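Notes for the one structure printed next.
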Amino acid sequence: MSKYKPLSQRLESHGADEWRASFAEIEEVLGFPLPKSAASQSWWMGTEKPHHAAWTAPGWRVVELDREGGSVLFGRAAPKGGKGKSGKSGKSAKPAKAAAPAPVSADAPLAAPAAEGGGSQPEVLRQAAEAASKDVKLRKMAMPAAIAGGAAAVLAGAAAVIAGFLAKRKGEPWR
């Protein structure tokens with residue numbers, strides 16, 4: 001049994017299609033404090049970590065993360081009274097497994113997929129995509145700077161060796 005099972009049970013029993021919960025409320029449901037990493041967007045995004053199953057298994061997703069306010073907005077992947085992709089009611093619909101992403105060129109801008117149903121992109125995913133794009137741009141700019149810095153260091157070292165050699169040979173012709 002996952003230690004995040006109480007959160008899954010809380011979401012399963014929630015009557016509305018959205019639930020904004022403070023970190024303190026989530027900790028109360030879980031019975032233990034959230035890890036420090038829960039203050040970052042990456043902790044709440046994705047489906048590969050064991051704690052992600054706490055909301056994805058019962059058919060919920062993270063819609064928004066308010067790090068300053070210390071809260072998370074969960075939303076049903078398919079509204080409770082509406083129809084999901086399977087044509088069944090949202091309560092019995094299981095979240096669809098995501099297809100493997102297509103390979104992306106290193107030069108392509110990073111962007112998160114749009115929210116299920118073709119709606120607008122959740123804020124937390126948009127922010128993560130922007131941050132990842134900035135990181136890629138910074139890395140691309142850092143490489144030429146590192147090469148130039150390394151070349152400058154090599155030249156400075158060579159100049160110091162030559163200057164030392166010439167200082168020892170004062171007045172003698174260069175051979």
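What's counted below: heavy atoms across the whole structure, side chains too, no hydrogens, waters or symmetry copies. What you are looking at is a predicted structure, and each value in this text was computed from that prediction instead of being measured.
Using a 4.5 Å cut-off on side-chain heavy atoms (C-beta onward), Trp44 and Trp55 make contact.
In this structure, Glu48 places its CD atom where more than 12 heavy-atom neighbours from other residues, nucleotides or ligands lie under 6.0 Å away.
Residues near Val154 contribute nothing to a hydrophobic cluster around it, because no ILVMFWY side-chain heavy atom sits closer than 4.5 Å to its side chain. Under a 4.5 Å side-chain heavy-atom cut-off, the cluster of Ile, Leu, Val, Met, Phe, Trp and Tyr residues that includes Leu155 has no other member.
The structure places CG of Asp66 at 6.5 Å from CD of Glu64, a figure rounded to the nearest 0.5 Å. Rounded to the nearest 0.5 Å, atoms CG (Leu7) and CH2 (Trp60) are 10.0 Å apart. The line from OG of Ser2 to NZ of Lys5 is 8.5 Å long, rounded to the nearest 0.5 Å. Taken from CH2 in Trp19 to CZ in Phe74, the straight-line distance is 6.0 Å, to the nearest 0.5 Å.
No donor-acceptor distance shorter than 3.5 angstrom exists from the side chain of Glu12 to the backbone of Pro58, with no hydrogens or angles considered.
Under the rule for a side-chain contact (heavy atoms from CB on, under 4.5 Å), the partners of Val63 that lie at least two apart in sequence or sit in another chain are Arg61, Leu73. Contacts of Glu28 classified as side-chain hydrogen bond (donor to acceptor under 3.5 Å, both in side chains), with partners at least two apart in sequence or in another chain: none. Considering only residues two or more places apart in sequence or on other chains, Ser40 meets the side-chain contact (heavy atoms from CB on, under 4.5 Å) condition with Ser42, Trp43. Take Arg67 and apply the salt bridge (Lys or Arg N to Asp or Glu O under 4.0 Å) test, not counting sequence neighbours, and it matches no residue.
Heavy atoms only, all atoms of each residue included: Lys3 and Leu30 are closest at O-CD2, 4.0 Å. The heavy-atom pair separating Leu34 from Ala38 by the smallest distance is CB-CB, 3.9 Å. Nearest heavy-atom pair across Ile26 and Ala21 is CG1-CB, 3.8 Å. Heavy-atom minimum distance, Ser8 versus Ala54: OG-O, 2.8 Å.
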Quiz item: Yes or no on side chain to side chain contact (heavy atoms under 4.5 Å, CB included) for Tyr4 and His52, after CA distance, side-chain angles and deciding distance?
Solution: CA-CA 9 Å; Tyr4 294 97; His52 294 154; over 6 Å; no
